[in-house]
Amino acid sequence: MKQIQGVKGVKDILPDEAMAWQHIQQKARNIFHTFGYSEIIIPVIEAAELFLRSIGETTDIVEKEMYTFEDRDRKKIALRPEGTASVVRSYIEHSLNQASPFSKLYYIGPMFRRERPQAGRYRQFYQIGAEVFGFEHPMIDAEMLSMLNLLFQSLDISGLELQINSIGCPNCRPQFREALRDFFAGRLSELCENCQRRFELNPLRILDCKSSHCHALSGEAPKTLDYLCADCLTHFNKVQDSLKSAGVPYVINQRLVRGLDYYTHTAFEFVSGSLGAQNTVAAGGRYNTLVEELGGPSTPAIGFSIGMERLVSLFDSSPVEKQSPFLFIVALGEKAQEQGFSLINKLHKEGISAIMDYSNGSLKSQMRKADKFNAAHVLILGEDELAKGVVTLRDMKNKTQVEVPLLEIVGKFGS
RNA sequence: GUGGGCGUAGCUCAACUGGUUAGAGCACUGGACUGUGGCUCCAGUGGUUGGGGGUUCAAGUCCCCUCGCUCACCCCA
């Protein structure tokens, strides 16, 4: 029979790795909560149009990477390629701006993009993201970066560099774009093929081209920070002051531009030196115009998202404790199995972690399994025990064992 | 979408220029130890060599096709 395999670019997170995921997500939730964020659970499917309007119709994500299908009522549905658009949609749809003066929200879940898989890139990938609505002040930018910094620290992840930049606002970005165009117009032939295309579509992206020649060339190009309007410059400087005050190390990367259309002002990335080509672990920025563009009230906002798989691959999971059962019930013979079964039911009702070997194998083989599962204690129920109305309780670590009356077992561990 | 690398047991890998029945370690199961785990020793289970076709007396090995994995480009978390 033909084997059915998982879909390309989609992977199973097996129990060992899932424990690391749980650990990371728990840490993230705790830190988000201390910063006053609440979880929002958003759907995996959305009207496709939401992403056309937020991410931008000409971005690769929308043009060729989005999973879309037509529903039975002929509406175009998309599997979400990112989380921000959904959170913004929800924020508007439920008038969260009315319910609360500001909102701090986070989400954890899978995203979908039909790209060619490679290291750190999957077709179904998980993001941990957060958004803040209703604050324009640069201190919230810094606070958010500080939160991420703390999260990475608490996970003992080192070697990350925080890069920041300001990509301006609708007032000043057009001038910068023009200046870039002017600069590259005379050197079009020197640019790589891709950048010649970028020149037309989005000249900002020439700045982060990996080709060494384009890279060198754009070193001479106009700098985004030189073209910021007064407001943008003040904002950017204040973000830096606040980062210093919070003790968050950073570098300015004037080549940092974001791929999604909706960003304004602050843009940032946490970059790792040890991840391969896809080295951005977390990225985000401010998007002060998006809420309004999607039909909501004019609301400043900022957000980020973390690539879960990339974060996991930097995470050393060896200190994470494996889950092992407290009790392992070994039953020898059918009668003992029945006793054991009723015992384990009582234990479970008391919330005591216990597993039972239903194999009816030899004591030796059941003991081996108890060891394999790393159980703290083993309860042995055999003929001798049955006759005496006791169970043998063995401490696996100390290799000591005592007989305990059957009726006292639950009480012994129950408290 | 484009390009490179790689597919042998559950995992990591062997198999000289094509040459007997494709091996080893780990893991798994059992035994030595008839009711006591880890260590040791012994034995056993496990393979359509990713799949299909071709060349040859003979293919894991050579050729073609195909599928899958992987890395990179594009793009992005």
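Residue numbering restarts at 1 for every chain, and letters A, B, ... go by the order of the sequence lines.
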Pick base, sugar-phosphate or nothing for [X], based on heavy-atom distances below 4.0 Å to the nucleic acid.
{"X": "Ala119(A)", "answer": "sugar-phosphate"}
{"X": "Phe328(A)", "answer": "nothing"}
{"X": "Gly120(A)", "answer": "base"}
{"X": "Val281(A)", "answer": "sugar-phosphate"}

Heavy-atom nearest nucleotide on RNA chain B taken for Ala277(A) and for Tyr126(A); more 5' hit belongs to Ala277(A)
Measure from [atom1] on [X] to [atom2] on [N] and round the result to the nearest Å.
{"X": "Ile206(A)", "N": "rC74(B)", "atom1": "CD1", "atom2": "P", "answer": "13 Å"}
{"X": "Gln124(A)", "N": "rA77(B)", "atom1": "CD", "atom2": "C1'", "answer": "14 Å"}
{"X": "Asp357(A)", "N": "rC28(B)", "atom1": "CG", "atom2": "C1'", "answer": "15 Å"}
{"X": "Asn279(A)", "N": "rC76(B)", "atom1": "CG", "atom2": "P", "answer": "14 Å"}
{"X": "Asp12(A)", "N": "rC69(B)", "atom1": "CG", "atom2": "P", "answer": "12 Å"}

For atom [atom1], what is the distance between [N] and [M], given to the nearest Å?
{"N": "rC71(B)", "M": "rG37(B)", "atom1": "P", "value": "44 Å"}
{"N": "rU2(B)", "M": "rG23(B)", "atom1": "C1'", "value": "40 Å"}
{"N": "rU48(B)", "M": "rA9(B)", "atom1": "C1'", "value": "13 Å"}
{"N": "rG10(B)", "M": "rU45(B)", "atom1": "P", "value": "15 Å"}
{"N": "rU61(B)", "M": "rG7(B)", "atom1": "P", "value": "12 Å"}
{"N": "rC69(B)", "M": "rC33(B)", "atom1": "P", "value": "50 Å"}
{"N": "rG50(B)", "M": "rC6(B)", "atom1": "P", "value": "14 Å"}
{"N": "rA24(B)", "M": "rU8(B)", "atom1": "C1'", "value": "13 Å"}

Answer yes or no on whether Arg114(A) is positioned over the face of Phe112(A), meaning its NZ or CZ is under 6.0 Å from the six-membered ring centre and within 45° of the axis. no
Ordered by number, residues from residues 299-316 of chain A within less than 4.0 Å of RNA chain B (heavy atoms) are Ser305(A), Gly307(A), Arg310(A)
If you restrict it to nitrogen or oxygen atoms, what contacts under 3.5 Å exist between nucleotides 29-39 of chain B and the protein, and what is each distance?
{"unit_1": "rC33(B)", "atom_1": "O2", "unit_2": "Lys364(A)", "atom_2": "NZ", "d": "3.4"}
{"unit_1": "rG35(B)", "atom_1": "O6", "unit_2": "Glu383(A)", "atom_2": "N", "d": "3.1"}
{"unit_1": "rG35(B)", "atom_1": "O6", "unit_2": "Asp384(A)", "atom_2": "N", "d": "2.5"}
{"unit_1": "rG35(B)", "atom_1": "O6", "unit_2": "Asp384(A)", "atom_2": "OD1", "d": "3.1"}
{"unit_1": "rG35(B)", "atom_1": "O6", "unit_2": "Asp384(A)", "atom_2": "OD2", "d": "3.2"}
{"unit_1": "rG35(B)", "atom_1": "O6", "unit_2": "Glu385(A)", "atom_2": "OE1", "d": "3.3"}
{"unit_1": "rG35(B)", "atom_1": "N1", "unit_2": "Glu385(A)", "atom_2": "OE1", "d": "2.7"}
{"unit_1": "rG35(B)", "atom_1": "N1", "unit_2": "Glu385(A)", "atom_2": "OE2", "d": "3.2"}
{"unit_1": "rG35(B)", "atom_1": "N2", "unit_2": "Glu385(A)", "atom_2": "OE2", "d": "2.6"}
{"unit_1": "rU36(B)", "atom_1": "N3", "unit_2": "Gln401(A)", "atom_2": "OE1", "d": "3.1"}
{"unit_1": "rU36(B)", "atom_1": "N3", "unit_2": "Gln401(A)", "atom_2": "NE2", "d": "3.1"}
{"unit_1": "rU36(B)", "atom_1": "O4", "unit_2": "Gln401(A)", "atom_2": "NE2", "d": "2.7"}
{"unit_1": "rG37(B)", "atom_1": "OP1", "unit_2": "Lys364(A)", "atom_2": "NZ", "d": "3.2"}
{"unit_1": "rG37(B)", "atom_1": "O2'", "unit_2": "Asp371(A)", "atom_2": "OD2", "d": "3.2"}
{"unit_1": "rG37(B)", "atom_1": "N7", "unit_2": "Arg394(A)", "atom_2": "NH2", "d": "3.2"}
{"unit_1": "rG37(B)", "atom_1": "O6", "unit_2": "Arg394(A)", "atom_2": "NH2", "d": "2.8"}
{"unit_1": "rG37(B)", "atom_1": "O6", "unit_2": "Met396(A)", "atom_2": "O", "d": "3.3"}
{"unit_1": "rG37(B)", "atom_1": "N1", "unit_2": "Met396(A)", "atom_2": "O", "d": "2.5"}
{"unit_1": "rG37(B)", "atom_1": "N2", "unit_2": "Asp371(A)", "atom_2": "OD1", "d": "3.1"}
{"unit_1": "rG37(B)", "atom_1": "N2", "unit_2": "Met396(A)", "atom_2": "O", "d": "3.3"}
{"unit_1": "rG37(B)", "atom_1": "N3", "unit_2": "Asp371(A)", "atom_2": "OD1", "d": "3.2"}
{"unit_1": "rG38(B)", "atom_1": "O4'", "unit_2": "Asp371(A)", "atom_2": "OD2", "d": "2.9"}
{"unit_1": "rG38(B)", "atom_1": "O6", "unit_2": "Lys399(A)", "atom_2": "NZ", "d": "3.0"}

Anything under 3.5 Å between a donor and an acceptor, one on a side chain of residues 387-397 of chain A, the other on a protein residue two or more places apart or in another chain? List them.
{"unit_1": "Lys388(A)", "atom_1": "NZ", "unit_2": "Glu403(A)", "atom_2": "OE1", "d": "3.1"}
{"unit_1": "Lys388(A)", "atom_1": "NZ", "unit_2": "Glu403(A)", "atom_2": "OE2", "d": "3.0"}
{"unit_1": "Thr392(A)", "atom_1": "OG1", "unit_2": "Glu385(A)", "atom_2": "OE2", "d": "2.6"}
{"unit_1": "Arg394(A)", "atom_1": "NH1", "unit_2": "Gln401(A)", "atom_2": "OE1", "d": "2.8"}
{"unit_1": "Asp395(A)", "atom_1": "OD1", "unit_2": "Lys397(A)", "atom_2": "N", "d": "2.9"}
{"unit_1": "Asp395(A)", "atom_1": "OD1", "unit_2": "Asn398(A)", "atom_2": "N", "d": "3.0"}
{"unit_1": "Asp395(A)", "atom_1": "OD2", "unit_2": "Asn398(A)", "atom_2": "ND2", "d": "3.2"}

In RNA chain B, stems of three or more consecutive pairs, Watson-Crick or G-U, each with both distances under 3.5 Å, turn out to be B:1-7 with B:67-73, B:10-13 with B:23-26, B:28-32 with B:40-44, B:50-54 with B:62-66
Readout for nucleotides 1-6 of chain B: B = base within 4.0 Å of protein heavy atom, S = sugar-phosphate only, - = neither; 5' to 3' it is BBB---
Would you give me the side-chain donor-acceptor pairs under 3.5 Å for residues 11-25 of chain A, sequence neighbours excluded?
{"unit_1": "Glu17(A)", "atom_1": "OE2", "unit_2": "Trp21(A)", "atom_2": "NE1", "d": "3.4"}

- Would a line drawn from the ring center of Phe133(A) to the ring center of Tyr91(A) be shorter than 6.0 Å? yes
Short side-chain N/O contact to rA72(B) OP1/OP2 from Gln118(A), under 4.0 Å: yes
Can a side-chain donor-acceptor contact be found between Arg255(A) and Asn253(A) if the only test is distance below 3.5 angstrom? no
